[in-house]
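So the structure is just underneath, and the comments pick up after that.
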Amino acid sequence: MTTPPTSSPCPTGPRPAEARTSGAALPEQGLPADRVLADLAELCADDHDYDDGTVFNSICSTPLPIAERVFAAHQHANLGDNRIFPSLARAEAEVTAMLAELMDGPGASGVATSGGTEANLLAVLAALRRHQRCFGTGGPARILLGDSAHFSFDKIAALLPVEVVRVPSDERLRVDTARLLPLITPDTALVVATAGSSESGAVDDVPAIAGHAAALGVPVHVDAATGGFLVPLARDLGEPLPAIGLSVPGVTSVTLDPHKYGGAPIPAGHVLFRDEEDPAALRTASHYRGTFDHHALLGTRPGGALLATWAALRAQGRGGYRVAVAGLWERRELLVRLLTEAGFEIAPRPELTVVTVRHPAPEKLVDELERQGLIASVARRLGLLRLVVHWHQDDRQLRRLVQALAEADGGRP
Ligand SMILES: *Cc1c(COP(=O)(O)O)cnc(C)c1O
């Protein structure tokens, strides 16, 4: 039996007072800067600092110092206006080229985005347009997604006319290839593979998926928002991870998030396309003479973040990212060892920087940690405690984390 709604499901009038947010009103008279800054300090008083060793749930971190400097100096730069900022088209092309090299796809096209969500949206939209070109607009545009795919695809499925088919994960939390491959048919609009799920770090078997899809002429998008700055470098270091980039036959587009492990400030994402027709299909004509047509979702776009990404990529180089990844892997192994010694069960074995722990009450652990000012997380759909290793942590902080977890777990030493 359903209970009748207490109010209209579609309210149109003013909201009741208690539902309004409290907070500062717009002052009639502007306040002096020192007062504004003092209020701001109070507003942000409870925020954590990545560098204070309390953050164990975040795939984002402090940007590289050079990226912070460039971002601060170019906040006004608007990628939506190439006449005022001719540098930005070149910067976008150069960032595309550098990311394409990281993804083994020299010559790929690309679009700078606000992050992985927008990048994934553009990849799906390009696939949808390709599907409409090839199959007409009538049929359903079916998209195959692993259960481990990021929830940005839930938003995308709500926005675009696509029919999403979800495929369960295997015991390593990757999309179950044995179940996925038989579902790919020549009229499938897109297959999405995840190279580093944000919940567990699992890396899908991109070569197997893309090889099979390519034989049927079906495009494959690799969501490497988490793994883009990890997997290729870890492979350089000899880690047994699959290729995820554009050199894999059948991969047609890739999402990367420089604002995660790339050292860039938020908002910095990117989508790469193997085939120039895909970004061309995203084109929206500008209404203004001399202003470039748009290929992204946003209109006014953060050019400062793009320039900071450009600076981060050039300052780090592949070698710098490789050194960073070697450090992350060492710290991950330390965390795994400390957790195991404290009696926790790591499950499954981590592939990237997310360490998941099987526990009967992960929420309880995370709540207790939070009372002590430490932020860990629970991957709700998996029921696993989730810890993210990042370059803002050091060994001492990881030891403190495991100590706190062991205490929260029942007073073990
Ligand atoms: C972070 C992430 C996204 C979304 O990226 P935003 O930058 O948060 O918009 C998409 N997919 C994966 C795998 C991610 O880790």
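Values in this document were obtained by computation on a predicted structure and should not be read as measured data. Remember, it's 1-based here, ligands and their atoms both numbered in the order they're listed.
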Interfacing atoms of ligand 1 (cut-off 4.0 Å, heavy-atom, G196) = 13 (C)
task = Considering non-hydrogen atoms only, spot the tightest contact between T356 and P348 and give its length.
result = OG1-CD, 3.6 Å
inquiry  = Please determine whether a side-chain nitrogen of the Lys or Arg among R301 and E92 lies less than 4.0 Å from a carboxylate oxygen of the Asp or Glu.
reply    = yes
inquiry  = Under 4.0 Å, heavy-atom basis, I'd like to know which part of D257 is in contact with ligand 1: side chain, backbone, both or neither.
reply    = side chain
Per-atom contacts of ligand 1 with N120, taking only distances under 4.0 Å to non-hydrogen atoms = 10 (C), 11 (N)
query = Do you see a donor-acceptor pair shorter than 3.5 Å between the side chains of D205 and T177?
reply = no
task = Ignoring hydrogens and angles, tell me if any N or O in the side chain of S197 forms a donor-acceptor pair with the backbone of S200 under 3.5 Å.
result = yes
message = Using a 4.0 Å cut-off to any heavy atom of G116, which atoms of ligand 1 qualify?
response = 4 (C), 5 (O), 6 (P), 7 (O), 9 (O)
query = In this structure, are over 12 heavy atoms from other groups packed under 6.0 Å from F292 atom CZ?
reply = no
inquiry  = Please verify the inter-ring angle class for Y261 with H390; under 30° counts as parallel, over 60° as perpendicular, anything in between as tilted.
reply    = parallel
ask   = Is any side-chain heavy atom of F85 less than 4.5 Å from a side-chain heavy atom of H76?
value = yes
query = Which atoms of ligand 1 have any heavy atom of S198 under 4.0 Å away?
reply = 14 (C), 15 (O)
message = When you measure from the side chain of N82 to the backbone of P86, do you find a donor-acceptor pair of N or O atoms at a distance under 3.5 Å?
response = no
Distance-only N or O hit between ligand 1 and K260, under 3.5 Å = yes
message = Applying the side chain to side chain donor-acceptor pair (under 3.5 Å) criterion to D278, which one of R130, H221, H295 satisfies it?
response = R130
ask   = Between the candidates H259, H150, K155, which shows the shortest non-hydrogen contact distance to atom 4 (C) of ligand 1?
value = H150
key: Closest protein heavy atom (residue, atom, distance) for atom 13 (C) of ligand 1   = D223 OD2, 3.4 Å
query = Against heavy atoms of T226, which atoms of ligand 1 measure under 4.0 Å?
reply = 14 (C), 15 (O)
Location of contacts on I59 toward ligand 1, heavy atoms closer than 4.0 Å = neither
task = Quick one: look up the protein heavy atom nearest atom 9 (O) of ligand 1 and list residue, atom name and how far away it is.
result = T117 OG1, 2.6 Å
ask   = Which atoms from ligand 1 have a heavy atom of S152 less than 4.0 Å away?
value = 10 (C)
query = Purely on distance, is any nitrogen or oxygen of E118 under 3.5 Å from one on ligand 1?
reply = no
